[in-house]
Asker: 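I'd like to ask some things about the structure below.
A, B, ... follow the sequence lines: proteins, then strands. Residue 1 opens every chain. Any value given below was found using the heavy atoms of this structure, including those in side chains, with hydrogens, waters and symmetry copies removed.
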Amino acid sequence: MMKYDFAQVEKKWQDIWERDNTFAATDDYTKPKFYPLVEFPYPSGQGLHVGHPRSYTALDIVARKRRMQGYNVLYTMGWDAFGLPTENFAIKNHIHPEIVTKNNVANFKHQLKSLGLSFDWTREINTTDPDYYRWTQWIFLQLFKHGLAYKKEMSVNWCTSCKCVLANEEVVNGVCERCGGEVVHKVKNQWMLGITQYAQRLIDDLDSVDYIERVKTSQINWIGRSTGAEIDFATTAGDVLTVFSTRPDTLYGATYMVIAPEHPYVEKWAGQITNLEEVHAYQQEAARKSDFERAEMNKEKTGVRIAGVNGINPVTGGEIPIFISDYVLMTYGTGAIMAVPGHDERDWEFAKKFDLPIIEVVAGGNVAEAAFTDCDTGILVNSGILNGLSVEEAKQKMIQWLAENGKGREKVNYKLRDWVFSRQRYWGEPIPIIHCPHCGMVAVPEEQLPLRLPEVESYEPTDNGESPLAAIEDWVNTPCPVCGAPAKRETDTMPQWAGSSWYYLRYCDPHNNKELASKEALDYWAPVDWYNGGMEHTTLHLLYSRFWHKFLYDIGVVSTPEPYAKRTSHGMILGENGEKMSKSRGNVVNPDDIVKEYGADTLRLYEMFIGDFEKSATWNASAIKGCKRFLDRLWNLMEIAAEGEGYSAGLESSFHKTVKKVTEDIEAMKFNTAIAAMMTLLNEIYDAGSITTGEFKTLLLLANPFAPHLTEEVWEQMGFAGQISGQTWPGYDPAKCVDSTVEIVVQIAGKIKARLQVPADIAAPEAIALAKADPAVAELIAGKQIVKEIYVPGKLVNIVCKG
RNA sequence: GCCGCUGUGGUGAAAUCGGCAGACACACGGGACUUAAAAUCCCGAGGUAGCAAUACCGUACGGGUUCAAGUCCCGUCAGCGGCACCA
């Protein structure tokens with residue numbers, strides 16, 4: 001018997017699959033479809049990481065199995081290739097980002113092909129391809145036309161190191177998610193996308209999709225819906241200061257107010273404020289602080305009283321002071337609050353520091369010691385019309401009172417903010433807008449798309465915060481498409497999240513040059529049936545693409561309100577030391593090395609066997625050998641396989657059970673136990689010492705999604721008809737998955753005392769009688785009173801005695 | 001601080017509904033083959049005591065429910081992830 005030469009065999013089959021387009025999806029829209037999706041990678045210079053194949057192999061297994069079950073499967077790959085690392089590499093090495101991208105893609109593609117993934121490579125896409133980003137720009141223009149893309153002067157997160165604006169989602173712990181650089185606030189004119197208009201639908205429609213629970217929870221928390229009321233406070237300046245509160249029931253306990261440092265009323269009240277200098281000084285100090293500093297210093301409350309203007313509590317009529325403090329954010333609610341120190345921890349802290357009165361309006365705690373925030377048990381006191389009510393009742397009554405008296409209204413707020421969409425960088429999709437002195441902002445006519453990136457001398461971002469595109473005069477200057485007057489192009493580009501917000505739609509019809517995809521293709525393939533990806537994309541990519549999809553649904557481009565029917569997530573693969581793999585920690589495992597030493601099938605099998613797919617797993621170089629051994633033993637079955645379609649050596653029910661287990665486990669993402677079941681069966685076959693060719697075929701079919709190269713080769717060498725990837729997935733007979741006799745245990749008061757072989761369908765009285773007849777059991781129960789007898793079918797008999 | 005998840009041998013982990021804890025592997029020990037090693041094959045193994053049959057203990061910790069708890073309930077501790085002055 002020839003030893004299994006994985007290198008030669010894997011190359012052979014990869015070439016055949018490529019030559020024959022074996023895994024291409026067909027455009028036969030009458031067949032049942034299955035659309036699995038994995039997140040397309042950013043083709044970095046470092047190449048593939050062993051984390052990538054975990055997700056890709058998992059859905060490859062599902063895809064291969066579903067193809068064998070008769071589905072038309074669309075499983076494909078592409079490149080999310082715009083982005084900063086490529087641009088930075090280009091700057092440093094003076095190579096065009098397009099060339100860098102091309103090289104990286106070639107490398108990634110070569111690596112992926114060596115893993116035997118059954119992608120339909122005829123549908124490969126690249127977000128930096130003008131034929132692709134043409135449609136990214138087209139979607140942007142539709143958003144613009146519907147008022148969902150707009151420009152706004154606002155305070156944005158500015159990474160001092162990348163010299164670029166960041167979305168809120170890209171700021172982590174006050175620093176830049178990508179480079180760890182300091183993030184400061186900068187007031188800039190930015191493109192924004194109105195994702196907040198979709199906030200409620202993004203929450204509600206989670207009920208209609210099959211996402212793992214933690215993804216749903218994270219998205220709901222991120223969107224951060226709060227219900228409460230807006231309340232209008234008259235001020236002694238003669239105007240009205242509106243606040244948002246989730247606790248309108250505590251209005252009688254509002255003893256002061258606070259506005260955010262950026263609140264416009266400071267300027268409005270400038271004439272009345274008697275300590276304006278002090279207030280301005282505080283504003284400047286707050287503006288200077290970075291997010292990181294604000295987060296660091298959040299233990300200690302700071303603030304300045306606005307002297308000369310007071311608020312008037314609408315229910316008590318009493319005058320209360322107004323403060324300016326950075327614990328109130330301009331970006332949430334109205335940028336102003338009513339402070340109820342008795343029942344809000346932050347207000348309590350602030351009141352203590354500034355020696356402000358604390359009034360108890362909800363009984364149940366001790367407001368001298370701490371804020372009492374329990375909404376379930378508290379009863380309203382010192383609150384006029386609300387006295388004696390529960391918190392919930394009081395909220396309703398107060399909202400009603402406010403509405404009736406014109407002092408406020410019910411209100412829902414979201415933490416989610418509109419998406420800061422512009423970047424001042426080169427390597428992104430140009431925003432297709434022209435600024436005309438007469439017509440204002442004008443869309444580039446759709447027939448002129450794609451608006452291509454111009455050639456530039458330098459990709460270096462500028463210190464004044466302008467994109468490198470701003471320096472290309474002959475590109476920037478262009479006539480207005482409406483009036484023909486000299487006008488200027490928008491020079492900001494889109495963030496990396498743009499291209500990835502709709503790529504799954506392009507796979508459906510990737511070569512269409514008339515629309516982003518044909519309606520027929522979209523109606524057939526969408527939504528994605530199963531999307532697997534990392535948890536890190538939950539509040540970024542996943543939320544953004546749901547938003548874009550809903551918009552495309554609203555304008556009739558797609559026919560489903562959600563892009564992904566099902567979302568699952570894989571755990572990270574950690575280095576051998578249990579830490580996250582990184583160059584600096586020196587614990588990175590390169591998949592190429594594993595493929596070279598053990599072969600792709602072994603790598604695939606190992607990554608699926610490593611543990612619970614959803615949990616993070618620690619790489620273990622020696623554990624790979626077990627998977628290699630399994631494949632070698634599978635290969636060596638060729639030596640003992642004997643002609644015959646039936647079952648040999650009493651393995652029939654084992655085969656049926658294994659087919660059932662593997663079939664079900666693949667769909668449940670329990671790849672590790674599916675593999676264990678095949679290992680068990682293989683051990684049984686070797687124990688039996690023989691296998692028929694019929695049995696061998698079944699085992700090869702089960703193993704094929706996991707180890708496609710080896711199983712193809714064995715199939716061929718055994719002379720079985722056709723290629724294994726074109727065969728039908730094996731079925732099983734549920735009746736044959738159960739044994740005719742089973743071993744049950746006999747317990748006395750829960751402790752095992754005997755084991756019996758009984759018919760599987762034995763009735764309870766017979767089973768108990770048999771148990772009592774067992775000599776060991778009989779001796780133990782002799783002369784005792786039996787209190788209880790339990791029979792669990794196929795499992796055990798438990799006898800409970802007294803005395 | 002809030003929300004979510006997790007805690008099982010030397011290691012990675014299994015264990016539909018509450019029903020034989022540790023499947024399947026790795027590493028380890030012993031043996032076979034070999035001049036030798038690798039590879040391969042066979043055997044062993046949760047802990048304690050015992051030559052053994054066997055007994056007792058055992059799923060982070062403390063309680064509870066149950067004939068029966070890794071699984072359910074209450075409390076505690078530890079770790080991981082997310083959010084974090086969002087009124």
Asker: Answer yes or no: is there an ion pair linking A:R567 with A:E39, defined by an N-O contact shorter than 4.0 Å?
Answerer: yes

Asker: Can you tell me if A:R629 touches the phosphate of B:C41, counting only side-chain N or O atoms and a distance under 4.0 Å to OP1 or OP2?
Answerer: no

Asker: Do the two ring centres, one from A:F350 and one from A:Y256, sit under 6.0 Å apart?
Answerer: yes

Asker: On RNA chain B, compare the nucleotides closest to A:A677 and A:T217; which residue's is nearer the 5' end?
Answerer: A:T217

Asker: Between B:A78 and B:C72, how far is it from one C1' atom to the other, in whole Å?
Answerer: 23 Å

Asker: Report the residues that fulfil side chain to side chain contact (heavy atoms under 4.5 Å, CB included) with A:K415, sequence neighbours left out, ordered by chain and then residue number.
Answerer: A:Y332

Asker: Does A:S616 have a side-chain nitrogen or oxygen under 4.0 Å from the phosphate oxygens OP1 or OP2 of B:G81?
Answerer: no

Asker: A:K625: which residues meet the salt bridge (charged side-chain N to carboxylate O under 4.0 Å, His left out) condition with it, sequence neighbours left out?
Answerer: none

Asker: So, is B:G9 syn or anti if syn means the angle is within 90° of 0?
Answerer: syn

Asker: Is the shortest side-chain N to carboxylate O distance from A:E664 to A:K670 below 4.0 Å?
Answerer: no

Asker: Tell me, please, which residues at least two apart from A:D5 pass side chain to side chain contact (heavy atoms under 4.5 Å, CB included).
Answerer: A:A7, A:Q8

Asker: With side-chain hydrogen bond (donor to acceptor under 3.5 Å, both in side chains) as the test, would you mind laying out the steps for A:D374 and A:T377 before giving the verdict?
Answerer: CA-CA 6 Å; A:D374 185 346; A:T377 62; 3.0 Å; yes

Asker: For B:C17, does the O4'-C1'-N9-C4 or O4'-C1'-N1-C2 angle fall within 90° of 0, making it syn, or is it anti?
Answerer: syn

Asker: Measuring centre to centre across the rings, with the benzene-like ring taken for any Trp, is A:Y606 within less than 6.0 Å of A:W619?
Answerer: yes

Asker: Using whole Å, report how far CG of A:L605 lies from C1' of B:A25.
Answerer: 11 Å

Asker: Would you tell me if any nitrogen or oxygen in the side chain of A:Y327 comes within less than 4.0 Å of OP1 or OP2 on B:A87?
Answerer: no

Asker: Among B:C26, B:A87, B:A84, find the nucleotide with the atom closest to the side chain of A:S622.
Answerer: B:C26

Asker: Show each protein N/O and nucleotides 17-23 of chain B N/O combination with a separation under 3.5 Å, one pair to a line.
Answerer:
{"from": "B:G19", "atom 1": "N2", "to": "A:N798", "atom 2": "ND2", "distance (Å)": "3.4"}
{"from": "B:C20", "atom 1": "O2", "to": "A:R755", "atom 2": "NH1", "distance (Å)": "2.5"}
{"from": "B:C20", "atom 1": "O2", "to": "A:R755", "atom 2": "NH2", "distance (Å)": "3.2"}

Asker: Between A:N683 and A:D687, which has a closest nucleotide on RNA chain B that is more 5'?
Answerer: A:N683

Asker: Quote, to the nearest angstrom, the P distance that separates B:G22 from B:A15.
Answerer: 13 Å

Asker: Please determine whether a side-chain nitrogen of the Lys or Arg among A:D774 and A:R755 lies less than 4.0 Å from a carboxylate oxygen of the Asp or Glu.
Answerer: no

Asker: Using the side-chain heavy atoms of A:D344, tell me which of these nucleotides is nearest: B:G4, B:C83, B:A87.
Answerer: B:A87

Asker: Taking the C1' atom of each, how far is B:G9 from B:C28, in whole Å?
Answerer: 13 Å

Asker: Write down the distance between CG (A:N221) and C1' (B:C2), rounded to a whole number of angstrom.
Answerer: 9 Å

Asker: Output the single nucleotide from B:A55, B:A25, B:A15 whose closest atom is nearest the side chain of A:K753.
Answerer: B:A55

Asker: Represent RNA chain B in dot-bracket notation, 5' to 3'. Only Watson-Crick or G-U wobble pairs with both distances under 3.5 Å count; pseudoknot-style crossings use [ ] and interstrand partners use |.
Answerer: (((((((..(((......[....))).(((((.......))))).((((....))))..(((((..]....))))))))))))....

Asker: Pairs in or reaching into residues 602-619 of chain A: which pass salt bridge (Lys or Arg N to Asp or Glu O under 4.0 Å), with residues at least two apart or in two chains?
Answerer: A:D60-A:R604, A:R214-A:E614, A:D612-A:K615

Asker: Among B:A87, B:C24, B:C26, which is the nearest nucleotide to the side chain of A:M679?
Answerer: B:C24

